[in-house]
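Because only heavy atoms are used, hydrogens play no part in the values below, and waters and symmetry mates are left out as well, while side chains stay in. Positions are given from 1 along the sequence.
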Amino acid sequence: MDTPLLVFLHGPGQSPPAWQDVVGAINPDQPMVAPWLKGLKPTEHHGFSMDNAVGAVVDLMEARGAEHADLVGYSLGGLVALRTALQYPKKIKHIVLISTPMVPAQAVLSRQLWVARLTPSMFFKDISKEHVVAALEALAESDMWVDLSQLSTPTLVLAADGDPMGRASAEQAASHKCAMKRLLPGTDANLLSTQPALLAQLISDFCGDFLETE
């Protein structure tokens with residue numbers, strides 16, 4: 001039986017360990033991996049490209065010997081997951097999108113970039129200020145558009161109920177036949193840090209019964 005590889009894709013200004021609390025609630029027997037998004041690793045200097053990021057996901061699946069994958073993406077990672085499913089629909093079984101903007105608002109991205117540039121480096125704990133700025137610049141300059149009308153992969157869209165952009169994006173995505181939404185309590189878009197256990201449970205329920213039980 002082919003067990004899909006569970007792939008966690010981080011957002012801009014994050015690194016793979018951002019998923020550690022979610023991954024920690026899932027049975028380690030489930031094949032899973034949280035890679036760097038291609039072009040956003042601090043040691044890479046070629047910049048972000050959606051096509052390159054999608055290609056890296058497919059290459060990772062092949063390297064792991066996985067015919068199929070379930071993709072879980074936060075923010076930019078969610079957009080990469082969507083584009084991957086659109087380009088390789090037979091390879092992707094499920095998608096879970098977390099706080100993922102369907103069409104990133106340029107004004108919002110500009111404001112986030114402005115705030116990041118003005119924030120002192122000492123306030124960036126898990127990842128450097130330079131990396132956060134570079135990631136936001138990559139997001140602002142890249143073609144993020146995804147054609148949801150062509151989506152055929154079962155998709156779960158998660159967002160905080162008090163996050164206006166996340167809620168709007170969730171409602172937009174859920175208007176398509178393959179997608180469903182779930183709004184979680186709170187206002188913080190970064191559900192990875194605020195509600196990891198609930199995320200793990202929802203991912204388990206949607207993609208398959210692999211949540212670790214006591």
Side-chain angles (χ1 to χ4, degrees), residues 1-20 22-24 26-102 104 126-128 131-132 134-148 150-157 173 178-179 192 199-200 203 206-208 210:
M1 182 177 178
D2 174 36
T3 301
L5 177 67
L6 185 59
V7 182
F8 295 92
L9 303 172
H10 64 83
Q14 292 182 323
S15 61
W19 293 101
Q20 63 185 0
V22 177
V23 171
I26 296 176
N27 191 323
D29 291 335
Q30 164 64 33
M32 52 187 168
V33 61
W36 278 98
L37 284 185
K38 184 70 173 177
L40 295 188
K41 192 174 182 178
T43 55
E44 295 177 327
H45 303 291
H46 50 70
F48 179 84
S49 158
M50 178 62 81
D51 288 340
N52 288 343
V54 169
V57 172
V58 176
D59 289 345
L60 176 64
M61 291 174 59
E62 293 179 354
R64 292 294 184 104
E67 295 184 12
H68 302 100
D70 293 330
L71 305 182
V72 181
Y74 172 78
S75 185
L76 176 59
L79 293 173
V80 173
L82 277 172
R83 186 74 72 87
T84 304
L86 288 169
Q87 294 184 207
Y88 300 93
K90 293 183 179 180
K91 291 182 175 290
I92 309 305
K93 292 292 189 180
H94 303 88
I95 307 172
V96 180
L97 307 177
I98 304 170
S99 303
T100 298
M102 296 300 106
D126 299 324
I127 199 163
S128 71
H131 181 64
V132 172
L136 289 172
E137 287 175 341
L139 180 56
E141 295 171 1
S142 297
D143 175 16
M144 297 290 104
W145 175 254
V146 290
D147 186 358
L148 290 173
Q150 302 299 313
L151 185 65
S152 60
T153 304
T155 301
L156 174 64
V157 189
C178 293
L192 280 62
L199 286 182
I203 293 166
F206 188 68
C207 297
F210 49 71

Problem set entry | Test of ring centre spacing under 6.0 Å for His10 and Tyr74 | no
Exercise. From Leu148 CG over to Cys178 SG, what is the distance, rounded to the nearest 0.5 angstrom?
Worked result: 10.0 Å
Exercise. Given side chains that start at C-beta, do those of Val157 and Ile95 come closer than 4.5 Å, heavy atoms only?
Worked result: no
Problem set entry | Which atom of His68 lies closest to which atom of Met61, heavy atoms considered | C-CE, 3.7 Å
For this session: Could you walk me through whether Val72 and Val7 pass the side chain to side chain contact (heavy atoms under 4.5 Å, CB included) test, one step at a time?
Result: CA-CA 6 Å; Val72 181; Val7 182; over 6 Å; no
For this session: Report the residues that fulfil salt bridge (Lys or Arg N to Asp or Glu O under 4.0 Å) with Asp51, sequence neighbours left out, ordered by chain and then residue number.
Result: Arg83
Exercise. Side chains of Pro12 and Ser75: closer than 4.5 Å at any heavy-atom pair?
Worked result: yes
Exercise. Does the side chain to side chain contact (heavy atoms under 4.5 Å, CB included) test come out yes or no for Leu79 and Leu9, once each step is laid out?
Worked result: CA-CA 9 Å; Leu79 293 173; Leu9 303 172; over 6 Å; no
Exercise. What distance do Leu37 atom CG and Ser49 atom OG have between them, rounded to the nearest 0.5 Å?
Worked result: 11.5 Å
For this session: Could you check if a side-chain atom of Val80 sits within less than 4.5 angstrom of a side-chain atom of Met50, using non-hydrogen atoms only?
Result: yes
Problem set entry | Test ring-ring contact (aromatic ring centres under 6.0 Å, His included) applied to Phe8 - qualifying residues, sequence neighbours left out | Trp19
Exercise. Between Thr100 (side chain) and Ile98 (backbone), is there a donor-acceptor pair under 3.5 Å?
Worked result: yes
Exercise. Taking side chain as C-beta onward, heavy atoms only, is Asp70 less than 4.5 Å from Leu5?
Worked result: no
Exercise. Would you say Glu62's side chain and Glu67's backbone share a donor-acceptor pair under 3.5 angstrom?
Worked result: no
Exercise. What is the minimum heavy-atom distance between Lys38 and Ala53, and which atoms define it?
Worked result: CB-CA, 3.8 Å
Exercise. What are the two closest non-hydrogen atoms of Arg64 and Val33, and how far apart are they?
Worked result: NH2-CG2, 3.4 Å
Problem set entry | Separation of Cys207 SG from Met32 CE (nearest 0.5 Å) | 12.5 Å
Exercise. Tell me, do Leu156 and Leu97 make a side-chain contact under 4.5 Å, heavy atoms counted?
Worked result: no
Exercise. With sequence neighbours left out, what residues match Ala18 under side chain to side chain contact (heavy atoms under 4.5 Å, CB included)?
Worked result: Gln14, Leu192
For this session: Could you check His94 against Thr155 for side chain to side chain contact (heavy atoms under 4.5 Å, CB included), going step by step and ending with a plain yes or no?
Result: CA-CA 6 Å; His94 303 88; Thr155 301; over 6 Å; no
Problem set entry | Full working for side chain to side chain contact (heavy atoms under 4.5 Å, CB included) between Leu71 and Val96 | CA-CA 6 Å; Leu71 305 182; Val96 180; over 6 Å; no
